[in-house]
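Below is one structure, written out as structure tokens; comments come after it.
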Number of protein chains: 2
Amino acid sequence: MSQRNQRVSPEDVHPIACPIREIFDRVAGKWSVQIILLAVSKGPIRFTELERGIEGISRRMLTLTLRQLERDGLLVRTVYPTVPPRVEYTATEMARELRGAFEQLAAWAVRHQDAIADAQRAYDDRQEKVAAN
Amino acid sequence: MSQRNQRVSPEDVHPIACPIREIFDRVAGKWSVQIILLAVSKGPIRFTELERGIEGISRRMLTLTLRQLERDGLLVRTVYPTVPPRVEYTATEMARELRGAFEQLAAWAVRHQDAIADAQRAYDDRQEKVAAN
DNA sequence: CAGAATCCATCAGGATACTG
DNA sequence: CAGTATCCTGATGGATTCTG
């Protein structure tokens, strides 16, 4: 307890940081969260509904992200060979389980958003003073 | 319940997706997670300890990420005006509260890592077949 | 030791046009 | 409708050098 200059071995952080990293990469991308939330809350959802429901997403990124989520087994893609074609995306059970974690993070965000904003202002003020030196 | 062609209004996803986005941006960056976890578990930690403890991080990215976390009030930076200089980073209470959410996500990751790997293999196999057409 | 500053490669991602 | 293909640009981030 007195000695804190002990080396930090990579293994200390790895077992928790590594799986988390993997998850965040595939699940916490800018668009993945919104797609998953929509797919979870809106049941089977169509390509165009997603495109309209997610502000600012490009057709390209929607396609790429959907493919990745499908590959990871978070979404199921169902094609109805009608004309015009109809494709629906359904969240799997696995994806639905993410909602809890997302909501916990959202709660944390809400709880601390003011504190964060304050911290940022305080920090920026300090920088201004230094810059004005 | 029969009608699912209802429009998806942006407000349906916004209230939860927006704060989450903010959080993920500032907290779920490639390096932020590892830095926070190290700072939380290793008490006050020095620049060089972080550099050695996080595999593959560059000096530049470590500095940039530390600045951002400090600005957001997740880390406190303490300078000891000795020679050579000594700087320590301490996780704030706010940052420590994140551990729960991180661990929940980590648990999710561990629970489903096999299923995800399987899904990916299955998906890739399907693609190969198509490519071979 | 703990950075700041600079240069440079990569690549995520947007806009647009085309198609089964 | 639900994509694919192509082009192009800005931001991300690594490597390196310099300094109090």
Side-chain angles (χ1 to χ4, degrees), chain A residues 4-5 7-8 21 24-35 38-39 42 44-71 75-90 123 126-127 130-131 133, chain B residues 4-5 7-8 21 24-35 38-39 42 44-71 75-90 123 126-127 130-131 133:
Chain A
R4 89 154 70 83
N5 258 9
R7 269 292 315 281
V8 176
R21 267 279 75 229
F24 275 73
D25 274 348
R26 69 170 39 92
V27 136
K30 178 170 184 182
W31 307 115
S32 311
V33 178
Q34 304 182 59
I35 291 177
L38 272 178
K42 295 294 173 183
I45 188 169
R46 302 182 58 176
F47 186 89
T48 313
E49 291 182 290
L50 285 165
E51 193 174 11
R52 279 189 307 234
I54 300 176
E55 181 117 14
I57 195 170
S58 66
R59 198 160 271 176
R60 175 184 149 86
M61 284 318 292
L62 180 55
T63 302
L64 287 179
T65 311
L66 283 172
R67 288 292 168 275
Q68 198 213 321
L69 292 175
E70 186 196 355
R71 185 174 112 96
L75 293 182
V76 173
R77 177 167 178 272
T78 314
V79 182
Y80 299 94
T82 60
V83 71
R86 172 193 192 83
V87 179
E88 284 186 346
Y89 294 91
T90 313
Y123 182 92
R126 259 176 283 150
Q127 297 313 306
V130 175
N133 63 330
Chain B
R4 93 153 68 83
N5 259 7
R7 268 294 315 281
V8 176
R21 268 278 77 228
F24 275 73
D25 275 347
R26 69 169 38 93
V27 137
K30 178 171 184 181
W31 307 115
S32 311
V33 179
Q34 303 182 59
I35 292 178
L38 272 178
K42 295 293 174 183
I45 187 169
R46 300 183 58 177
F47 187 88
T48 314
E49 291 182 290
L50 285 166
E51 193 174 11
R52 279 189 308 236
I54 301 176
E55 181 117 15
I57 195 169
S58 66
R59 199 160 269 175
R60 175 184 149 86
M61 285 317 293
L62 180 54
T63 302
L64 288 180
T65 312
L66 283 172
R67 290 291 168 275
Q68 198 212 321
L69 292 176
E70 187 196 354
R71 186 174 111 96
L75 292 182
V76 173
R77 179 168 176 271
T78 313
V79 182
Y80 299 94
T82 61
V83 72
R86 172 194 191 82
V87 179
E88 285 186 346
Y89 294 90
T90 314
Y123 182 92
R126 259 176 282 150
Q127 296 313 305
V130 175
N133 63 330

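Residue numbers begin at 1 in each chain, while the letters A, B, ... track the order of the sequences.
Between the CG atom of B:Leu64 and the P atom of C:dA2 there is a distance of 17 Å, given to the nearest Å. Per the geometry, CD1 belonging to B:Ile57 stands 14 Å off C1' belonging to C:dG3, to the nearest Å. D:dT12 atom P lies 10 Å from atom CD of B:Gln68, rounded to whole Å. Look at CD on A:Glu51: it is 13 Å from C1' on C:dA15, rounded to the nearest Å. Regarding A:Glu49, its CD atom lies at a distance of 11 Å from the P atom of D:dC1, rounded to whole Å. The CZ atom of A:Arg86 sits 13 Å away from the P atom of D:dG3 (whole-angstrom rounding). For B:Leu66 and C:dG3, the CG to P distance is 7 Å, given to the nearest whole Å. At whole-Å resolution of the value, CZ in A:Arg60 and P in C:dT19 are 19 Å apart.
Side-chain proximity of A:Phe47 to the nucleotides C:dA4, C:dC1, D:dG3 is greatest for D:dG3. Closest to the side chain of A:Arg59, out of C:dG3, C:dG20, D:dT4, is D:dT4. Of the candidate nucleotides D:dC1, C:dC1, C:dG3, C:dG3 has the atom nearest to the side chain of B:Tyr89. When distances are taken from the side chain of A:Pro85 to each of C:dG20, D:dG3, C:dG3, the shortest belongs to C:dG20. Checking C:dC1, C:dG14, D:dG14 against every side-chain atom of B:Pro84, the shortest atom distance belongs to C:dC1.
With rounding to the nearest 0.5 Å, the separation of CD1 in A:Ile57 from CZ in A:Arg52 is 14.0 Å. In this structure, the separation between CZ on B:Arg77 and CG on B:Leu69 is 13.0 Å, given to the nearest 0.5 Å. How far OH of B:Tyr80 is from CZ of B:Arg46: 10.0 Å, rounded to the nearest 0.5 Å. Atoms CG and OH, from A:Leu66 and A:Tyr89 in turn, are 4.5 Å apart once rounded to the nearest 0.5 Å.
An OP1 or OP2 oxygen of D:dA15 is reached within less than 4.0 angstrom by no side-chain nitrogen or oxygen of B:Ser58. Taking side-chain N and O atoms only, A:Arg46 has no distance below 4.0 Å to OP1 or OP2 of D:dC1.
A:Thr63 places a side-chain N or O within 3.5 Å of a backbone atom of A:Arg59 that can act as its donor or acceptor partner.
Take the nearest nucleotide of DNA chain C for A:Met61 and for B:Val87: the residue whose nucleotide is more 5' is B:Val87.
Across all strands shown, A:Tyr80 has no heavy atoms under 4.0 Å from either base or sugar-phosphate atoms. Residue contacts for B:Thr63: at a heavy-atom cut-off of 4.0 Å it reaches the sugar-phosphate backbone alone, with no base atom in range.
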